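All chains are named by letter (A, B, ...) in the order of the sequence lines, taking the proteins before the strands, and each is independently numbered beginning at 1. In this text, all values refer to a predicted model and were calculated from it rather than measured experimentally.
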Amino acid sequence: MVEPFFDYQFRLILIGDSTVGKSSLLKYFTDGKFAEVSDPTVGVDFFARFIEIKGNKRIKLQLWDTAGQERFRSITKSYYRNSVGALLVYDICNRASFEHIPRWMMEARRHIEPHQPVFVLVGCKLDLAQRGRREISSEEAKAFAEQHGMFTTETSAKTGLHVEEAFNAITQEIYSRIQSGEYKLEEGWDGIKAGFVRPNSNLDLHLIEAEPAKSPCC
Amino acid sequence: MFRNRNWFNRNLWKPKNVHSLDHLKYLYTILSKNQNVSDGNRGLLVETLRSIAEILIWGDQNDSSVFDFFLEKNMLSFFLKILKQKCGSYVCVQLLQTLNILFENIRNETSLYYLLSNNHVNSIIVHKFDFSDEEVMAYYISFLKTLSLKLNCHTIHFFYNEHTNDFPLYTEAIKFFNHSESMVRIAVRTLTLNVYKVDDKSMLQFIRNKTAAPYFSNLVWFIGNHVLEIDACICKDVNQLSGQTRLSDLIAEHLDHLHYLNDILCLHIEDLNVVLIEHLLKKLLIPMYIMSLIPRNNLIFSEQNEKQSLISTALSLFLLSQVFLIIKERQLVHTLANILLKGESDFIFETEQNLRITNNILINKNEELENELMVYTENSEFLENPLAVFLRKKNSINFDKNESVCHSFATSTYSINITDEEKEQRLAQDTQIQTGSFLQAIFENLHCRENDYSVLFALCLLHAISSNSGIGKSLLDTFIFSSGSEYKTKYSVQLIENLIQITSISCQAGCRVRLLTLELTIALIKKLVLIDGKSILLDEHYAAIIGVKEESTSLLRSFYKNEDIFLDMFEDEYYDMKKRSLNIEWLMMDCNLLLQPTNSPMTGVEFSKRLPCGEVERVRRAIRVFLLIRELVLSLSHETESQLPLTDRNTCISIGTSLDLNNSDLITCTVLSKDGNKTRRFLAMDSNQLILVEPHSRLLGWGVTKLAGFLQDIEVTGDKEESKCLHVIIHHTNTGSAYSAKFLFDDHIRCMAAKQKLIKGRAKARKKKMMQIAKLLDIPVSNQPSSSSLLPYNLFTNRHQPISSLLYSSCKQSQPSKIISNFVYSLKPQYTLNIKIVTDNVSETYKNTPSTSCESSSRVIDNSLNTEEIPLVNLSYKIEENIPPKSDKDETTTLNDGDFLHKINNINVSENSVEDDITDKVWELSSGNFPGGSVVITLERRSGSRWKEEWTIQYCAKFQVVRTSFVFFIELQKQRVVIKFFVKSGVKTAEIIPKLRAVFQDDCQSSTRIYE
């Protein structure tokens, strides 16, 4: 039995200031690669990956990468509605990007309404921070996350450190909220969708998955 | 994870349902298996791309998982990969079409934004397609156009990159603004407008700084070239059809340009408009259009080639009127109108410079970019201009295609620095042209020389200027609506005189003024002098127009014939005139106007736009001229039409009307219609109509109309085989359609009676109408006592009759002489006057006459007697001395024993006028009834001087008073009538008297005419 390939499909959105490293984070997560040079995102970008969480549940993640630039703000707004969770991304070496997190959170909350989004706070560029350019301490980030009841981690898209963990955490949280009945499948809302179960599964094609990154921490 | 490869293959079965996610998956497999385009898979790929568009659109509206799949598989990247291969136009076209369909139809904004994201679209836009392939070009440009339709202040960021300062959608598109294919040009225009519409500051800044000057100057240069082409096309005598088609295409294209310019201007983007207007004025409108108005020999050219950018005066008038008809943007039209109307020499100086620049450009147009750059850098020290950098960059990419863009650089040197010495030098060289010389040139073109070719355009231009809402009212008031100084009129005296001149010329037999020109002239006169329906025309001009009316009447009189066709034509022209309304904008689209006026109907030119050909058309023309001028006079004198149409169709009997037919002649008949139906009807007639009735269901002796047709249009023929039968054809029934039937009567006698009645009725109806026309034309009708009601002697009924007809018929009745001298006198309109008549001798014969006219006369006398006692100021004028000894032979002197027509215009009846009722009525003192008396024209004042005038009247007198104007004429008889004018107290009579005197002595406007 090949089908179903997954139990649930979650749609997530990555938000945060321009140049904090959203696209690199996502690229590492879906591709396992790090690009030394990358152009700023124009508008939005899309990726998908399967992930396995506790209890042998296979989840398909649909990930919207968004441009952090102000001029695309009106465009990216329309991607909130169908998202169940948001990764709040900041640059560990850039204080301003961290200080803007509450604003991003507010915006996401406002646009994801009436649904209650799951947030995780993701610090990027840990590799640079380790070379002494850190502006946000882990403690400060943790304090903020605790205050808002969210998971937080510091990642490096270059080394892949904690990347998997960040996505795992948000997926796990969403899944447990489904288990607890807080989230329900809704017609016309693409935040959470049931897995592809078809009686005549032969007609379905393989979904070519992105290879899970070989994260050193997993 | 297991992956069964065999299973994969099994899935290549095409799903039955093409609108399903499965189908997209199937298409995806095809795409992924055919990533390299080869001859073998081209057809398959095209079909796949086509289907993908279809299913994505379906999914967009029905199943979000379809687009999810498209996203997950990043299928857009396949498209880009295919495009990057040299895949040939076949695949390219399909790819562009697929993208076009996607962008056009996808409603889900998240999907649309995804497609627009990350510069994929921009890379497609800048992709070097093979534009020599027509199909690729067409799909490419429509793809761009579709994208431009998706532009708004959010999506603009996908296309316009602030950081790299690049906007490929716009910059790539404008490269094709001058493409040979008109669809491409139109698409580019639409696209640019869509771009300008987006209210994004930095984008507009980009357009303003980087592209506006080259693009607009390029555009203007292109239009200018186009205009030169039109000019060349006109100069060559285009008699061949191909030449006409070419001209028509050129004009249509030019109109498109103007509309495009107007569309841009109407967006009110200040930054862009400033650049555009500057280019338009300095490169096109002034050097090419306005300068061409000045006769060539008045211009001195410092360089020979300056002449080359001039076009024919008529064309420049035509083009300028198009500009004013289409463009309403205040800044441009006001500036342009300002130059045209004021024509300051400063402006001309600048113009001369621009003339030179434009010409340089025209000459150099075939030279290479580098050369031009040299020329212009020398002239203007231009190198540092960012435009140059921008354009060079552009041009280096695609030199061949960008010849026009290169060129635009050349034309964009609008900021040429000329030193002051140079300026002075040139000023000395250049001809000094008087202020207002352009307006003078326009007026100059109002004179008909060989024909009315340029007259028409000058009229159009004046019309367009005066109707353009963008031009400041005060400017118009100064130059068109007012002459300013001495007359203190509210319109331009020079203009109105020119216009009256045109109307006058068009009343001459064999003149070369087209009906259209006359119609436009009349429209313009009305526009100038009618304010809220009231005329502000000076009396002398009004008199001149009355004179023109006489001329038009006389012209038509010479064609008047008692023939059926004349009546039919007359009525046809009348209804045609009523039906058509003048639309100048529409008119100016007709390229036929640019050809020399023709008279041959074989050119396909409408009758009103050409000269008459043959006798019949000349008659038609005369009728139309008469009707047009008559209408003008009526509206100027604020009167309503009472004599036309000849039959008021509204008062005619129509189908279903119940009629009391007691004591009417009725003939029973059976109507056999064409389809074989037999119906029993009764035939009745009134003066105009043939009526078929059936008995009324309730009222005895009444009938219900079943058919009504005009007697004048019937044809009756007997049946050769059956003597009880008549064939009747009615060309115009009340319902409008023709009717034809066979009428079967009870016997031969009844049939004959009916036939006779119908034929007689027809003749009578026509005769009646012909008499009405004759009356309109002041032609004497044979005096029939029985038809006296048709003659203009009824009290009240002839109120709106032209004076001249009154004049003529009454003259005819008394048969005094062969000559009627016809004068129009005018009084200034400022004074309130009343008229009273006093006869000094109310004779017995007068009162005994039993006719209606006698009653009216006696009323006059009563009135006048009542008012005798108010002597104010008497203004008199001796007429006796002008009356020569009676002589029938003396036919040419202006003051003769004939009639005097007096017209006093615009007299406001004062509220406290003694006899209100006489001011709005017509009295008539017919021949033989009037006991004798004198006409005394007096202007009276409560105290002081008195100027009294007595006229001895010899035959009869008739006058007319209407509320706004006072008209009377006197026919000399051996009777006397006294007429008094009263002036409202408080008016400065010291001014009135010299004016009246001037008017009475010098203002003979119309010429003597001889009636035989």
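Crowding of A/Lys33 atom NZ: a count of heavy atoms from other residues, nucleotides or ligands under 6.0 Å not exceeding 12. The number of heavy atoms from other shown groups lying within 6.0 Å of CZ (A/Arg95) is above 12. The environment of A/Arg110 atom CZ is dense: over 12 non-hydrogen atoms of other residues, nucleotides or ligands sit within 6.0 angstrom.
A/Lys77 contributes atom NZ, which lies 8.5 Å from atom NE2 of B/His154 (distance to the nearest 0.5 angstrom). Atom CG of residue B/Asn118 and atom CG of residue A/Asp39 lie 9.0 Å apart, to the nearest 0.5 angstrom. Note that OG of B/Ser65 is 9.0 Å distant from CG of A/Asp190, once rounded to the nearest 0.5 Å. Here OG of A/Ser74 is found 8.0 Å from CG of B/Asn152. Values are rounded to the nearest 0.5 Å. Distance CZ/A/Phe46 to NZ/B/Lys73: 10.0 Å, rounded to 0.5 Å.
Both the backbone and the side chain of A/Asp45 come within less than 4.5 Å of a heavy atom in chain B. In this structure, the portion of B/Tyr160 lying under 4.5 Å from any heavy atom of chain A is its backbone and not its side chain.
Heavy-atom minimum distance, A/Gln62 versus B/Glu72: NE2-OE2, 2.8 Å.
With a 4.5 Å cut-off on side-chain heavy atoms, B/Ser64 and A/Lys193 count as touching.
Checked against the 6.0 Å centroid threshold, B/Phe158 and A/Phe72 count as a close aromatic pair.
The candidate with the highest count of non-hydrogen atom pairs below 4.5 Å against chain A, out of B/Thr110, B/Ile156, B/Leu116, B/Asn119, is B/Thr110.
Taking the six-membered ring where tryptophan is involved, the planes of A/Trp64 and B/Tyr114 are perpendicular, since the angle between them exceeds 60° and thus also 30°.
A salt bridge links B/Asp68 with A/Arg11: the closest approach of a Lys/Arg side-chain nitrogen to an acidic carboxylate oxygen falls below 4.0 angstrom.
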